[in-house]
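Heavy-atom basis, side chains included; hydrogens, waters and symmetry copies ignored.
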Amino acid sequence: MSELRSPLPFDHPPRPLAQRVGAILWPSFFAAGVCTMVFFAFIDPLELRDISFVDWEISREAGYTIGFFMFWLATSASSLFTWILLRPSSRFNHPLPPER
């Protein structure tokens with residue numbers, strides 16, 4: 001039994017970079033917007049500043065902006081990890097060498 005195994009075919013062709021980046025950033029942008037609205041509906045950025053960064057002069061608008069980008073970073077990391085885990089295994093798994 002020394003026949004060579006054929007490599008597995010790709011599950012689908014590679015996606016363009018813009019489509020891959022968009023698939024990560026767009027859902028995370030939406031989720032960050034929702035998280036920001038819910039979080040800041042209950043938490044005032046100035047009060048948060050007073051208990052965390054007392055020496056910093058951060059306005060309320062800057063607090064909203066920093067909060068949004070922090071949520072966007074967290075949700076884009078989540079989307080990136082999901083994308084990594086859902087990639088087809090046929091692109092990374094190579095057939096075993098033939099047994100001797």
Side-chain angles (χ1 to χ4, degrees):
M1 287 185 98
S2 63
E3 65 185 53
L4 294 175
R5 297 178 193 163
S6 64
L8 297 172
F10 285 137
D11 294 340
H12 57 77
R15 304 283 188 219
L17 179 63
Q19 186 177 7
R20 293 185 306 226
V21 170
I24 294 167
L25 292 182
W26 174 243
S28 63
F29 178 83
F30 177 75
V34 172
C35 290
T36 301
M37 288 186 287
V38 171
F39 182 79
F40 288 118
F42 298 103
I43 305 295
D44 183 14
L46 296 180
E47 290 180 16
L48 188 60
R49 175 205 60 193
D50 291 342
I51 63 172
S52 57
F53 300 105
V54 179
D55 297 334
W56 292 13
E57 286 296 324
I58 299 175
S59 67
R60 183 171 275 122
E61 291 79 14
Y64 290 138
T65 303
I66 293 167
F68 170 78
F69 281 110
M70 289 179 66
F71 281 122
W72 197 9
L73 180 65
T75 55
S76 63
S78 173
S79 293
L80 176 65
F81 294 144
T82 301
W83 175 76
I84 288 170
L85 292 172
L86 289 178
R87 290 182 297 175
S89 63
S90 63
R91 294 190 184 195
F92 308 102
N93 295 336
H94 301 291
L96 296 172
E99 295 179 11
R100 294 181 183 218

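- Summarising the geometry of Gly63 relative to Ile58, their closest heavy-atom pair is N-CG2, 3.7 Å, with the distance given to 0.1 Å.
- Shown here are the side chain to side chain contact (heavy atoms under 4.5 Å, CB included) partners of Ser59, two or more places apart in sequence or in another chain: Glu61, Ala62.
- Evaluation of the ring pair (Phe, Tyr, Trp, His ring centres under 6.0 Å) rule for Phe40 yields Tyr64 as partners, not counting sequence neighbours.
- Linking Ile, Leu, Val, Met, Phe, Trp and Tyr residues whenever their side-chain heavy atoms come within less than 4.5 Å places Ile84 and Ile24 in a single cluster.
- Gln19 pairs by the side chain to side chain contact (heavy atoms under 4.5 Å, CB included) definition with Arg15, Pro16, not counting sequence neighbours.
- Applying the salt bridge (charged side-chain N to carboxylate O under 4.0 Å, His left out) test to residues at least two apart or on different chains, the pairs with a partner in residues 21-48 are Asp44-Arg60.
- Applying the side chain to side chain donor-acceptor pair (under 3.5 Å) test to every pair with at least one member in residues 76-85, sequence neighbours left out, gives no pairs at all.
- Counting only residues at least two apart or in different chains, salt bridge (charged side-chain N to carboxylate O under 4.0 Å, His left out) contacts with residues 22-37 are absent.
- How far CG of Asp55 is from CZ of Arg49: 10.5 Å, rounded to the nearest 0.5 Å.
- For the pair Ser28 (side chain) and Thr75 (backbone), a donor-acceptor distance under 3.5 Å is absent.
- Among residue pairs with one or both ends in residues 29-42, none qualify as salt bridge (charged side-chain N to carboxylate O under 4.0 Å, His left out); sequence neighbours excluded.
- Residues passing the side chain to side chain contact (heavy atoms under 4.5 Å, CB included) test with Leu85: none are found, sequence neighbours excluded.
- Within the structure, salt bridge (charged side-chain N to carboxylate O under 4.0 Å, His left out) pairs that include any residue of residues 31-42 do not occur (at least two apart or interchain).
- Following chains of ILVMFWY side-chain contacts shorter than 4.5 Å, one cannot reach Leu48 starting from Val54, and the two form parts of different hydrophobic clusters.
- With sequence neighbours left out, Phe68 forms a side chain to side chain contact (heavy atoms under 4.5 Å, CB included) with Phe29, Ala32, Thr36, Trp72.
- For Phe39, the ring pair (Phe, Tyr, Trp, His ring centres under 6.0 Å) test picks out Phe71, with sequence neighbours left out.
- Each of Phe81 and Phe30 belongs to its own hydrophobic cluster when Ile, Leu, Val, Met, Phe, Trp and Tyr are linked at side-chain heavy-atom distances under 4.5 angstrom.
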